[in-house]
Amino acid sequence: MQKTVAVLGGGIGGLSACFHLSKSPQVSKIVLLEGDGRFGGWLSSTRREDGAVFEHGPRGIRPAGDVGRNTLNMVEELGLESEVLPVTYDHVASKNRCLYVGGQLHKMPSGLGGVMRTVPPFSRPLVQSVLKEILTSRGKEEDESVHSFVSRRLGTELADIAIDSLCRGVFAGDCRKLSVRSCLPPLYNAEKARGSIILGMLLGSGPGPDVPPSTLTKRSAQENWAQWSLKRGLQNLPEALEERMRNGGRVEVHRDTPVMGLSTNGTGWEIQLEDGTIKADHIIAALPAKALASALLSAAQPLSQQLCEIATVTVAVVNLEYEGSVLPVTGFGHLVPSSEDRGLLGVVYDSVPFPQHNRTGGPTTRLTVMMGGAWFQEVFGNPEEVTEQLLLDRATQAVTSHLGVTTPPIWSIVALLKVRHVKNMRQYIRDHNLPLSLAGSSYDGVSVNDVIFSGRTAAEGLVGKV
């Protein structure tokens with residue numbers, strides 16, 4: 001019987017852990033501690049009075065796989081089904097994804113035709129890379145960079161252009177430095193299990209978690225959704241979870257309550273806050289690695305050290321709104337390889353997948369420009385000192401040169417996000433029998449689905465399936 005469980009961090013991972021813990025009779029008390037003034041972490045939306053919605057973090061969630069089903073099941077349990085905005089696979093935003101190479105936009109090859117013939121910016125048909133991949137033997141290394149893994153299996157050109165761009169778009173990171181095992185476990189596992197990524201994807205690379213489908217997940221499969229959002233933006237999901245926690249009576253919810261330090265006597269924890277202490281039998285930490293490291297300093301020095309080594313990069317997210325329909329192309333957006341422009345990661349055409357988030361009255365175009373990441377310091381200097389105006393100018397310049405939009409935006413907002421890269425920290429916790437579980441994007445994959453599922457896994461690790 002777990003008596004008191006403290007969940008540190010009220011991002012989507014911590015909220016998910018509370019959601020699952022609160023269903024179990026095995027926990028007598030759950031305390032959620034969030035250092036910030038709002039819950040939801042990097043799920044953050046600006047809503048204007050004229051109905052426009054701008055996302056500063058993720059803008060769409062994929063329904064695919066067990067982790068995707070798990071999130072949709074939660075959406076249904078929270079009663080948000082009528083709020084869902086689906087985008088299907090036959091939607092133009094799903095079919096058209098572009099790369100900006102050599103000063104121009106290239107549509108990524110799709111469908112059988114696109115794979116069989118040479119499509120710029122690639123110099124040969126992708127089917128050649130696929131055949132090479134199936135015939136390439138397993139790697140000998142325990143881990144390697146994403147770039148080295150893809151070069152070895154699919155060829156250097158795909159690694160240099162497509163994978164470089166993809167890692168910038170998803171992780172804001174350099175594929176030459178990111179670990180394939182941590183960042184792309186499905187590819188790593190497919191090679192380990194089947195000796196080939198392609199065969200692993202076709203045959204599966206072993207059993208995944210079992211997530212039974214809800215009505216909403218069945219609907220997403222029938223209607224062939226590629227991604228989805230919510231009418232009031234994705235911040236609506238943590239808001240609904242917070243409301244459920246507050247009204248359920250099982251969770252004590254605290255915001256503006258940073259954790260100052262943690263000490264353990266081996267069986268439980270004392271949590272130091274600014275104005276006192278809380279005792280807990282177990283902690284689920286869904287904090288960024290750096291924050292957890294400084295809190296753990298005295299309690300577990302080696303773990304604290306490992307947490308400090310998790311790389312963090314700064315991403316500038318610039319939301320822009322233009323009068324009228326200004327896009328020369330339609331699609332999801334375009335990514336930019338580092339060989340083309342180190343500072344600019346990509347541009348998302350938000351109005352194409354989610355026109356419902358445009359203002360009411362008169363057509364507009366909403367775009368998001370993502371910049372920096374692993375290259376932030378090199379291109380823009382110290383994140384603490386860079387001005388919003390510099391980032392805004394650089395973003396509008398990119399929209400002009402890449403998309404030919406010459407009118408200035410009618411509205412803009414600049415946000416800086418911290419993105420963490422994943423690392424496996426659990427061995428130390430197991431070896432030292434610490435009453436501590438980890439959840440969140442520092443430890444288990446960075447997608448919204450991964451983070452939500454890691455919260456559930458941490459909760460079920462304590463109380464079993466709920």
Side-chain angles (χ1 to χ4, degrees), residues 2 5-9 11 13-14 16-17 20-21 66-67 138-146 148-149 171 173 177-193 205-209 259 261-271 280-312 419-447 450-465:
Q2 292 293 336
V5 180
V7 177
L8 314 184
S16 166
H20 290 287
L21 283 175
D66 303 296
V67 292
R138 273 190 186 87
K140 303 278 186 285
E141 301 297 316
E142 204 29 54
D143 197 2
E144 63 190 305
S145 76
V146 173
S148 139
F149 179 88
F171 304 103
K177 293 179 184 155
L178 295 176
S179 134
V180 70
R181 189 176 181 174
S182 298
C183 293
L184 297 172
L187 301 193
Y188 177 85
N189 294 337
E191 184 188 50
K192 281 279 174 279
S205 52
V259 173
L262 298 170
S263 50
T264 176
N265 53 13
T267 55
W269 294 94
E270 195 158 280
I271 303 163
D281 299 297
H282 193 97
I283 283 177
I284 293 180
L287 293 170
K290 289 267 190 302
L292 180 57
S294 60
L296 268 173
L297 255 179
S298 57
Q301 177 72 48
L303 178 59
S304 176
Q305 186 56 46
Q306 280 182 304
L307 288 161
C308 283
E309 287 162 14
I310 293 186
T312 310
V419 177
R420 292 170 289 284
H421 297 152
V422 190
K423 198 163 176 189
N424 187 3
M425 318 296 318
R426 294 192 170 86
Q427 197 56 51
Y428 179 91
I429 294 170
R430 281 195 292 272
D431 293 349
H432 294 77
N433 236 345
L434 284 176
L436 172 69
S437 313
L438 301 174
S441 63
S442 291
Y443 322 105
D444 286 304
V446 298
S447 79
D450 287 333
V451 174
I452 288 174
F453 199 79
S454 82
R456 172 182 172 164
T457 307
E460 291 184 345
L462 284 186
V463 298
K465 282 259 184 284

Test item: W269 side-chain N/O and P435 main-chain N/O as donor-acceptor pair under 3.5 Å: yes
Contacts of type side chain to side chain contact (heavy atoms under 4.5 Å, CB included), residue A280, not counting sequence neighbours: T4, A6, I271
Partner residues of P288 under the side chain to side chain contact (heavy atoms under 4.5 Å, CB included) criterion, sequence neighbours left out: A291, R420
Separation of L434 CG from H282 NE2 (nearest 0.5 Å): 9.5 Å
Heavy-atom pair with the smallest gap, counting every atom of A458 and A439: CB-CB, 4.2 Å
Rounded distance [0.5 Å steps], NZ in K140 versus CZ in R138: 9.5 Å
OH on Y188 to SG on C183, rounded to 0.5 Å: 13.0 Å
Reported CD1-to-CG distance for the pair I283 and L296, which is rounded to 0.5 angstrom: 7.5 Å
Donor-acceptor contact present, side-chain K290 to main-chain L307, <3.5 Å: no
Contacts of S447 that satisfy side chain to side chain donor-acceptor pair (under 3.5 Å) - sequence neighbours left out: D450
Residues in side chain to side chain donor-acceptor pair (under 3.5 Å) contact with R426, at least two apart in sequence or another chain: D444
Any L292 side-chain heavy atom under 4.5 Å of L438 side chain: yes
Partner set under side chain to side chain donor-acceptor pair (under 3.5 Å) for D431, not counting sequence neighbours: Q427
Any side-chain heavy-atom pair of L262 and L8 under 4.5 Å: yes
Partners passing side chain to side chain contact (heavy atoms under 4.5 Å, CB included) against A459 (at least two apart in sequence or in another chain): H20, L21
For E144, side chain to side chain contact (heavy atoms under 4.5 Å, CB included) partners two or more places apart: S148, F149, R152, V180
Partners meeting side chain to side chain donor-acceptor pair (under 3.5 Å) with S294 (sequence neighbours left out): none
Reported OG-to-CD distance for the pair S263 and E270, which is rounded to 0.5 angstrom: 5.0 Å
Test item: I310 and Y443 side chains (from C-beta on) under 4.5 Å apart, heavy atoms: yes
Any F171 side-chain heavy atom under 4.5 Å of L184 side chain: yes
Non-hydrogen atoms of S304 and A293 that approach each other most closely: OG-O, 2.8 Å
Set of salt bridge (charged side-chain N to carboxylate O under 4.0 Å, His left out) partners for E141, sequence neighbours left out: none
Nearest heavy atoms of S179 and S182, plus distance in Å: OG-N, 2.9 Å
Test log, rule side-chain contact (heavy atoms from CB on, under 4.5 Å), inputs V5 and V463: CA-CA 11 Å; V5 180; V463 298; over 6 Å; no
Nearest non-hydrogen partners of A289 and S442, listed with the distance: N-OG, 3.2 Å
